[in-house]
Amino acid sequence: MFWAFANTIDLDLGTDDLAAPDRLSVFLASRGLLDDSTPVTPGEHDRALRLRAGIREVLGANVGDTPDPGAVAAAEEVLRGLPVHVAVGGDRPVLSPAPGLPPVDGALARIALAWSALVTTGDAARLKRCAEHTCGWVFWDVSRNRSRRWCSMRVCGNRDKARAYAARQR
């Protein structure tokens with residue numbers, strides 16, 4: 001669910017699955033995070049886009065890019081407005097969106113909780129944004145030493161290596 005949110009923008013095709021508030025509503029509903037009939041306001045839409053942009057910037061750092069501090073700060077501002085509730089009963093604490101959050105903010109809080117789980121476990125280092133800047137697809141690095149840089153070696157890795165080879169030949 002988490003990287004589906006990060007991959008709602010396709011740089012290669014020039015498409016954005018969250019281009020409008022109603023498209024965000026459809027995306028969240030299709031993931032079971034929102035009722036089908038819940039409208040998304042322009043402000044909620046803006047918060048979702050800022051959260052996505054900041055997360056994608058951080059994921060680029062996993063392949064050597066320098067994150068845009070403005071995009072990261074904007075995402076962190078969104079996160080500060082998404083409180084969570086910690087339940088201490090049972091075997092271990094359970095995190096959930098704070099009671100009383102508006103539905104869209106609750107959905108964004110669930111996405112933020114998925115991100116925090118990745119960071120807490122250290123698995124966030126395996127989630128990367130493709131180093132091919134015309135692609136930018138988010139992928140899970142399954143390599144043993146966590147060194148994968150491209151979503152696909154056949155396409156993006158090949159493009160990058162071909163450009164490097166051509167530059168060396170010049």
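Starting from 1, each residue takes its place in the sequence as its number. Just the heavy atoms: all of them, side chains too, but no hydrogens, waters or symmetry mates, feed the values below.
- Taking the side chain to side chain donor-acceptor pair (under 3.5 Å) definition, one finds that S143 meets it with D141, sequence neighbours left out.
- Side-chain contact between R149 and N62 is absent, with no heavy atoms from C-beta onward closer than 4.5 Å.
- Summarising the geometry, atom CG belonging to L82 is positioned 6.0 Å from atom CG belonging to L108; distances are rounded to the nearest 0.5 Å.
- With hydrogens and angles disregarded, a donor-acceptor distance shorter than 3.5 Å links the side chain of R148 to the backbone of W150.
- Scanning for side-chain contact (heavy atoms from CB on, under 4.5 Å) contacts around D17 gives T8, R23, with sequence neighbours left out.
- The shortest distance between side-chain heavy atoms of R50 and D46 falls below 4.5 Å.
- Sorted by first then second residue, the ring-ring contact (aromatic ring centres under 6.0 Å, His included) pairs that include residues 58-117, not counting sequence neighbours, are F2-W115.
- Note that the CZ atom of F5 and the CG atom of L33 stand 10.0 Å from one another [nearest 0.5 Å].
- Of the candidates D22, V26, L24, L24 is the only one forming a side-chain contact (heavy atoms from CB on, under 4.5 Å) with V40.
- For residues 60-76, every residue pair satisfying the salt bridge (Lys or Arg N to Asp or Glu O under 4.0 Å) rule, not counting sequence neighbours, is listed here: D65-R129.
- Proximity of L18 to L49: side-chain heavy atoms (C-beta onward) are separated by under 4.5 Å at one or more points.
- In this structure, CH2 in W140 is found 6.0 Å from CG in L127, a value given to the nearest 0.5 Å.
- The cluster map of Ile, Leu, Val, Met, Phe, Trp and Tyr, joined by side-chain heavy atoms under 4.5 Å apart, puts L51 and F27 in the same cluster.
- The shortest distance between side-chain heavy atoms of V63 and C130 does not fall below 4.5 Å.
- At a threshold of 4.5 Å between non-hydrogen side-chain atoms, the residues K128 and V138 do not count as touching.
- Note that CZ of R126 and CG of L59 are 14.5 Å apart. Values are rounded to the nearest 0.5 Å.
- One distance of note links CZ of R31 with CD1 of I111; it measures 9.0 Å at 0.5 Å rounding.
- For L113, the side-chain contact (heavy atoms from CB on, under 4.5 Å) partners at least two apart in sequence or on another chain are V84, L95, P97, S116.
- Within the 4.5 Å cutoff, the side chain of H133 has no heavy atoms near those of the L11 side chain.
- A distance-only check finds no donor-acceptor pair linking the side chain of D35 to the backbone of T38 [under 3.5 Å].
- Using a 4.5 Å heavy-atom threshold, the side chains of T41 and V104 count as separate.
- To the nearest 0.5 angstrom, C151 atom SG is 7.0 Å from F139 atom CZ.
- Applying the ring-ring contact (aromatic ring centres under 6.0 Å, His included) rule to pairs touching residues 42-61 yields nothing, sequence neighbours excluded.
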